[in-house]
Number of protein chains: 2
Amino acid sequence: MRASRRPGPGAHDVTRTILRGPTIAAHEPPVEPPPAARTGRRVPARRPTMKDIARRAGVSESAVSFALNDRPGVSETTRSRVRRVADQLGWRASTAARALSGEGAATVGLVLARPASSLGIESFFLQLVSGIQEVLSERHLGLLFRVVAGAEEECAVYRRWWAEQRVDGVIVVDPRIGDPRPALLDSLGLPAVVVGGREVDREPQEPVPYPVISTVRVDDAAAMGAIVEHLAGLGHRRVVHVAGLAGLAHTTRRVASLRAGAASLGMSAVRSVTTDYSEGQGAEATRLALAGPEPPTAIIYDNDVMAVAGAGVALGMGLSVPRDLSVVAWEDSALCRATHPRLTALDRDATAFGRRAAEELVGLLGGRPARDVAQPTPELVVRDSTAPPLRG
Amino acid sequence: MRASRRPGPGAHDVTRTILRGPTIAAHEPPVEPPPAARTGRRVPARRPTMKDIARRAGVSESAVSFALNDRPGVSETTRSRVRRVADQLGWRASTAARALSGEGAATVGLVLARPASSLGIESFFLQLVSGIQEVLSERHLGLLFRVVAGAEEECAVYRRWWAEQRVDGVIVVDPRIGDPRPALLDSLGLPAVVVGGREVDREPQEPVPYPVISTVRVDDAAAMGAIVEHLAGLGHRRVVHVAGLAGLAHTTRRVASLRAGAASLGMSAVRSVTTDYSEGQGAEATRLALAGPEPPTAIIYDNDVMAVAGAGVALGMGLSVPRDLSVVAWEDSALCRATHPRLTALDRDATAFGRRAAEELVGLLGGRPARDVAQPTPELVVRDSTAPPLRG
DNA sequence: CTGAAAGCGCTTACAG
DNA sequence: CTGAAAGCGCTTACAG
């Protein structure tokens with residue numbers, strides 16, 4: 001606690017010493033200790049306001065506002081004096097007051113619509129959030145975070161946030177087939193960045209469909225292409241893709257890309273099965289695939305946890321990875337490096353992804369027009385879980 | 001978009017139909033379409049305010065406020081009419097305006113001070129957050145979320161949030177030795193719940209040291225006791241504890257509990273080494289321990305990722321888990337169930353933990369006095385990674 | 001360059 | 001039971 005913030009009997013002297021300069025001291029009214037300081041009872045600090053600054057600096061409140069917001073209309077001397085007093089008091093503009101004055105809430109929203117049980121699993125999200133934060137915190141924007149069970153609830157949250165004036169914009173994840181969110185956000189006029197591309201890929205020359213909604217795309221096709229090429233190069237011809245949620249746009253894209261890639265490389269049997277991303281369904285899908293009539297020699301998993309679970313199932317069935325089964329994880333993480341053998345994985349750099357999304361949203365909030373930006377294609381990190389198949 | 005929110009030419013009729021009743025219709029001024037509706041250009045929706053409700057319901061703004069906040073001073077008929085109009089318009093109180101009126105920001109803060117790299121790893125946090133959300137969302141409280149690099153930055157965030165009037169209270173995680181946060185939060189008068197106990201355990205009859213800071217305790221001693229008992233029962237006498245960050249209060253508690261438990265059970269050689277929770281340091285600690293002169297027959301890891309990494313190292317060294325080495329993870333997760341063999345782990349129920357913390361904070365915000373509450377002792381889930389040692 | 005005033009959307013004593 | 005008014009802490013035209 002600085003003395004100046006909770007003025008006690010000696011505070012005035014301290015202030016004077018710090019400010020040092022007769023001009024300033026003359027403007028400064030004597031600081032009176034609050035009643036509690038005399039009685040000795042503990043009081044929580046009172047947050048300083050512009051009025052306090054104005055009084056101390058001997059200028060009007062509007063002068064303070066202009067000075068602190070770098071607007072013309074105050075002399076340099078006044079500006080620097082005001083700034084010094086503000087710093088000294090530890091003043092920060094009340095976001096509530098700024099929001100009410102039409103300056104926006106200085107807050108960005110993020111909703112995760114995944115069942116709580118599968119959340120702990122997704123290291124992707126926490127890394128995404130941490131990337132988002134890097135950018136937001138520089139600009140002193142807050143992140144309002146919410147976990148919900150499903151899409152409708154997510155829409156309800158957006159409506160509420162909008163009505164409550166809580167956020168200036170949102171970052172939307174997990175684009176879906178027939179996604180209702182872009183239209184809703186557009187109708188609310190809530191700027192948004194969709195992480196993971198549009199439902200339908202747009203031609204570069206087309207205008208963005210919504211004027212306040214940008215997109216950060218990932219090239220799922222190229223990424224899947226790299227995986228398929230790697231596996232085909234090793235000689236795999238029977239591949240199973242244990243995909244994620246059926247409703248997600250990127251699931252559809254990955255499934256389609258696998259099919260296309262396999263066809264062009266002459267792979268005989270590829271198929272995708274969708275799951276809920278959980279270890280349980282990942283394990284189950286693996287069991288079914290390996291117990292079937294024509295078991296795959298390689299399995300691609302849409303996340304790291306399913307890949308680890310799947311490798312575990314294979315081991316449990318007496319198979320060796322990668323001798324009997326190659327495993328690829330779509331999502332690199334500590335997990336992939338921690339297991340034995342270490343898993344070949346697609347490295348997406350979720351942090352950079354979050355950073356990019358936040359930057360784009362900050363741009364939108366600053367009035368830049370909406371657009372689609374591409375994220376670098378993820379890189380396939382080849383480790384010990386992929387090798388040529390024993391039996392063709 | 002409901003017709004009533006973006007009134008077009010036909011909106012008035014719709015409204016009248018929904019409201020149906022001459023009294024109400026008489027109070028309702030005709031809704032004029034905004035200019036944009038005539039020109040056909042898309043306009044973002046304007047959020048409805050109390051003024052809109054007052055006009056439509058034919059009462060004063062203060063009557064609307066009283067009606068909506070369930071305060072006496074309005075008749076039941078007025079109240080229900082006001083409520084209906086508010087619902088119809090999709091009205092929500094502006095949090096900014098409420099905050100400025102002294103009602104609080106309706107927001108709770110959570111700061112995570114961990115390096116971004118190790119964040120994706122900690123499934124604990126995302127589950128904690130999801131538990132916190134369950135409670136907050138019921139009360140329509142927002143969660144302001146922040147990731148920072150270290151303790152000082154965390155304190156700076158609290159100061160800023162307080163000065164900006166952004167949060168009504170915070171949930172504090174990772175209590176540390178010599179933790180500066182409680183004193184800071186106390187001086188700011190910011191209600192807080194510390195998750196994970198106090199730095200120093202308080203006797204039940206002692207008053208809580210800070211009037212607005214509650215604590216949700218976990219019984220690390222009992223948990224470690226259960227692990228030690230399990231291992232001792234299997235016949236292990238040389239145990240290594242790969243702990244987490246040295247500065248954290250619970251690390252200290254676990255280290256001490258291990259020592260105490262081992263002594264009482266006559267274990268010959270136990271020791272703890274601290275790490276940063278990362279897979280890398282977990283693996284390294286394992287390598288060092290196993291390569292040493294008197295290698296342990298069992299290792300306790302302070303999180304799931306290190307446990308998986310450690311098991312991988314053992315495998316890589318030609319050891320079999322659990323035949324040559326027993327492994328226990330302090331933190332159950334998908335990981336522990338996904339690896340092969342599945343890991344014996346301590347199940348903490350992070351979601352319940354988050355729920356409990358949020359409930360306690362909501363209580364504090366409601367004026368309930370601060371207190372320490374205990375969280376049920378975590379349960380040891382015995383799986384395939386622990387067994388009697390081959391060599392004593 | 002500076003100050004007095006209105007307004008943002010609420011809440012809350014205070015009169016009627 | 002109801003309404004007019006002030007205030008929360010800012011921003012921003014608008015006069016001087």
Side-chain angles (χ1 to χ4, degrees), chain A residues 23 27 45-82 85-86 89-107 140 160-166 168, chain B residues 23 27 45-82 85-86 89-107 140 160-166 168:
Chain A
T23 326
H27 278 292
R46 186 180 73 84
R47 53 176 302 282
T49 68
M50 280 194 167
K51 195 182 280 174
D52 298 318
I53 300 174
R55 200 161 2 96
R56 286 207 164 206
V59 293
S60 73
E61 281 188 60
S62 39
V64 171
S65 176
F66 284 138
L68 260 18
N69 288 311
D70 276 324
R71 298 171 59 101
V74 283
S75 67
E76 256 325 302
T77 27
T78 306
R79 192 185 300 280
S80 64
R81 175 151 40 93
V82 167
V85 175
L89 295 176
W91 176 88
R92 298 283 173 201
S94 154
T95 37
R98 299 199 89 212
L100 210 51
S101 300
E103 294 296 282
T107 304
H140 301 305
R160 182 177 271 269
W161 279 354
W162 169 79
E164 291 179 343
Q165 294 193 294
R166 269 184 181 276
D168 302 327
Chain B
T23 326
H27 279 294
R46 186 181 73 82
R47 54 176 302 282
T49 69
M50 280 193 168
K51 195 182 280 176
D52 298 317
I53 300 174
R55 201 162 358 98
R56 286 209 164 205
V59 294
S60 73
E61 281 189 60
S62 39
V64 171
S65 175
F66 284 138
L68 260 18
N69 288 311
D70 276 324
R71 298 169 59 101
V74 281
S75 66
E76 257 324 301
T77 27
T78 305
R79 191 185 302 279
S80 64
R81 175 149 43 91
V82 166
V85 176
L89 295 176
W91 177 89
R92 298 283 173 200
S94 155
T95 36
R98 299 199 88 210
L100 210 52
S101 301
E103 294 296 282
T107 305
H140 301 305
R160 183 177 269 270
W161 278 353
W162 169 78
E164 291 180 344
Q165 294 193 294
R166 270 183 179 277
D168 303 327

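Note: hydrogens, waters and symmetry copies are ignored here, and every other heavy atom, side chains too, is used. The sequence lines fix the lettering, A, B, ..., with proteins before strands; numbering per chain opens at 1.
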Whole-Å gap separating C1' (D:dT12) and CG (A:Asp70): 16 Å

Nearest-0.5 Å distance that lies between atom CD in A:Gln165 and atom OG1 in A:Thr107: 11.5 Å

Partner nucleotide, any strand, of C:dA4 [Watson-Crick/G-U, under 3.5 Å]: none

A:Leu68 CG to C:dT2 P, straight-line distance once rounded to whole Å: 15 Å

Closest nucleotide among D:dG9, C:dG9, C:dC10 to the A:Ser101 side chain: D:dG9

B:Arg98 side chain near C:dT11 phosphate (N/O to OP1/OP2, under 4.0 Å): yes

Partner of B:Val82 under side-chain contact (heavy atoms from CB on, under 4.5 Å), chosen from B:Thr77, B:Ile53, B:Val74: B:Ile53

Interatomic spacing from OG in B:Ser94 to CZ in A:Arg166 - rounded to 0.5 Å: 9.5 Å

Sugar-phosphate, base or nothing in reach of B:Gly102, heavy atoms under 4.0 Å: nothing

Which nucleotide in D:dC1, C:dG9, D:dC10 has an atom nearest any side-chain atom of B:Ala97: C:dG9

Value in whole Å for how far the P atom of C:dG9 lies from CD of A:Glu103: 14 Å

Reported CH2-to-CD distance for the pair B:Trp91 and A:Glu164, which is rounded to 0.5 angstrom: 9.0 Å

Position toward the 5' end of DNA chain D (nearest nucleotide), A:Ser94 or B:Pro72: B:Pro72

Length of the line joining A:Trp91:CH2 and D:dG9:P, which is rounded to integer Å: 12 Å

Atom-pair distance (CG on B:Asn69; C1' on C:dG9), nearest Å: 13 Å

Any side-chain heavy-atom pair of A:Val59 and A:Arg81 under 4.5 Å: yes

Phosphate OP1/OP2 of D:dT11 contacted by A:Arg71 side-chain N/O (<4.0 Å): no

A:Glu61 side-chain proximity, nearest of C:dT12, D:dC10, C:dT2: D:dC10

Touch class at under 4.0 angstrom, heavy-atom based, for A:Arg79 against every strand present: nothing

Close side-chain approach of B:Arg79 and B:Leu68, heavy atoms under 4.5 Å: no

Atom-pair distance (CG on A:Leu100; P on D:dG7), nearest Å: 17 Å

For atom CG of A:Leu89 and atom C1' of D:dG9, their distance in whole Å: 15 Å

Donor-acceptor pair, side chain of B:Asn69 and main chain of B:Phe66, under 3.5 angstrom: no

Atom-pair distance (CD on A:Gln165; C1' on C:dG7), nearest Å: 13 Å

Rounded distance [0.5 Å steps], OG in B:Ser62 versus CE in B:Met50: 9.5 Å

Protein-nucleic acid N or O pairs under 3.5 Å, nucleotides 3-5 of chain C:
unit_1 : atom_1 : unit_2  : atom_2 : d
C:dG3  : OP2    : A:Ser60 : N      : 3.2
C:dG3  : OP2    : A:Ser60 : OG     : 3.4
C:dG3  : N7     : A:Ser62 : OG     : 3.4
C:dA4  : N6     : A:Ser62 : OG     : 2.8

Phosphate contact (C:dC10 OP1 or OP2) by B:Arg47 side-chain N/O below 4.0 Å: yes

Sugar-phosphate only, base, or nothing, as touched by A:Ser65 at under 4.0 Å among non-hydrogen atoms: base

Among D:dC10, C:dT2, C:dG9, the nucleotide that comes nearest once only the side chain of A:Val74 is considered: C:dT2

Residue matched to C:dA13 through Watson-Crick or wobble contacts both under 3.5 angstrom: none

